[in-house]
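Structure first, then comments.
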Amino acid sequence: MHQIKLFCGIEGETGRLESEVNTWLRETKPKAIINIFGNMSPQAVMPQGENKRVSHETGTRRFAPSDIFVCIVYEV
């Protein structure tokens, strides 16, 4: 029977999301991975206004970090 597992994260914390997915795969040991897909959704200008900037690992930016979505379709 096919099942799905959804993961959500944010840009700048991809290492944490990667670790979460890998840990889940190791612990769940699915019979088969049918498909893995995802999306990165850019965000609009921060609500505080254009004069406010968000600190980011690559510097400062006007935009909120992007949302990251990963879906794994697997068989049990």
Side-chain angles (χ1 to χ4, degrees):
M1 173 189 286
H2 290 180
Q3 301 285 314
I4 64 167
K5 176 65 177 173
L6 306 176
F7 296 91
C8 296
I10 61 170
E11 179 184 13
E13 295 181 4
T14 54
R16 183 199 58 76
L17 183 59
E18 182 180 324
S19 178
E20 183 180 347
V21 169
N22 286 331
T23 299
W24 179 84
L25 287 168
R26 272 192 309 275
E27 291 175 356
T28 305
K29 298 178 184 166
K31 182 176 178 181
I33 300 294
I34 308 304
N35 193 9
I36 298 177
F37 60 93
N39 187 21
M40 194 168 192
S41 177
Q43 301 300 305
V45 174
M46 295 292 287
Q48 299 98 323
E50 293 187 29
N51 294 332
K52 304 282 183 170
R53 297 201 181 272
V54 175
S55 181
H56 186 262
E57 59 195 24
T58 59
T60 58
R61 59 196 275 171
R62 289 186 345 192
F63 302 96
S66 297
D67 292 326
I68 300 171
F69 165 76
V70 175
C71 178
I72 299 177
V73 181
Y74 65 102
E75 188 173 320
V76 293

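Residues forming a side-chain hydrogen bond (donor to acceptor under 3.5 Å, both in side chains) with Thr23 (at least two apart in sequence, or on another chain): Arg26. Listed by chain and residue number, Glu75 satisfy the salt bridge (charged side-chain N to carboxylate O under 4.0 Å, His left out) test with Lys31 (two or more places apart in sequence, or in another chain).
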With a cut-off of 3.5 Å and sequence neighbours excluded, list every side-chain donor-acceptor pair involving residues 14-21.
residue : atom : partner : partner atom : Å
Arg16   : NH1  : Glu20   : OE1          : 2.8

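At a threshold of 4.5 Å between side-chain heavy atoms, the hydrophobic network of Ile, Leu, Val, Met, Phe, Trp and Tyr places Ile10 and Val70 in two separate groups.
For residues 1-21, the set of pairs meeting the ring-ring contact (aromatic ring centres under 6.0 Å, His included) definition, not counting sequence neighbours, comprises Phe7-Trp24.
To the nearest 0.5 Å, atom CG of residue Asn35 and atom SG of residue Cys71 are 7.5 Å apart. Ile72 contributes atom CD1, which lies 8.5 Å from atom OG1 of Thr28 (distance to the nearest 0.5 angstrom).
Of all heavy-atom pairs between Pro42 and Ser66, the closest is CA-OG, 3.3 Å.
Counting Ile, Leu, Val, Met, Phe, Trp and Tyr side chains that sit under 4.5 Å apart, directly or through other members, Phe37 shares a hydrophobic cluster with Ile4, Leu6, Ile34, Phe69, Val73.
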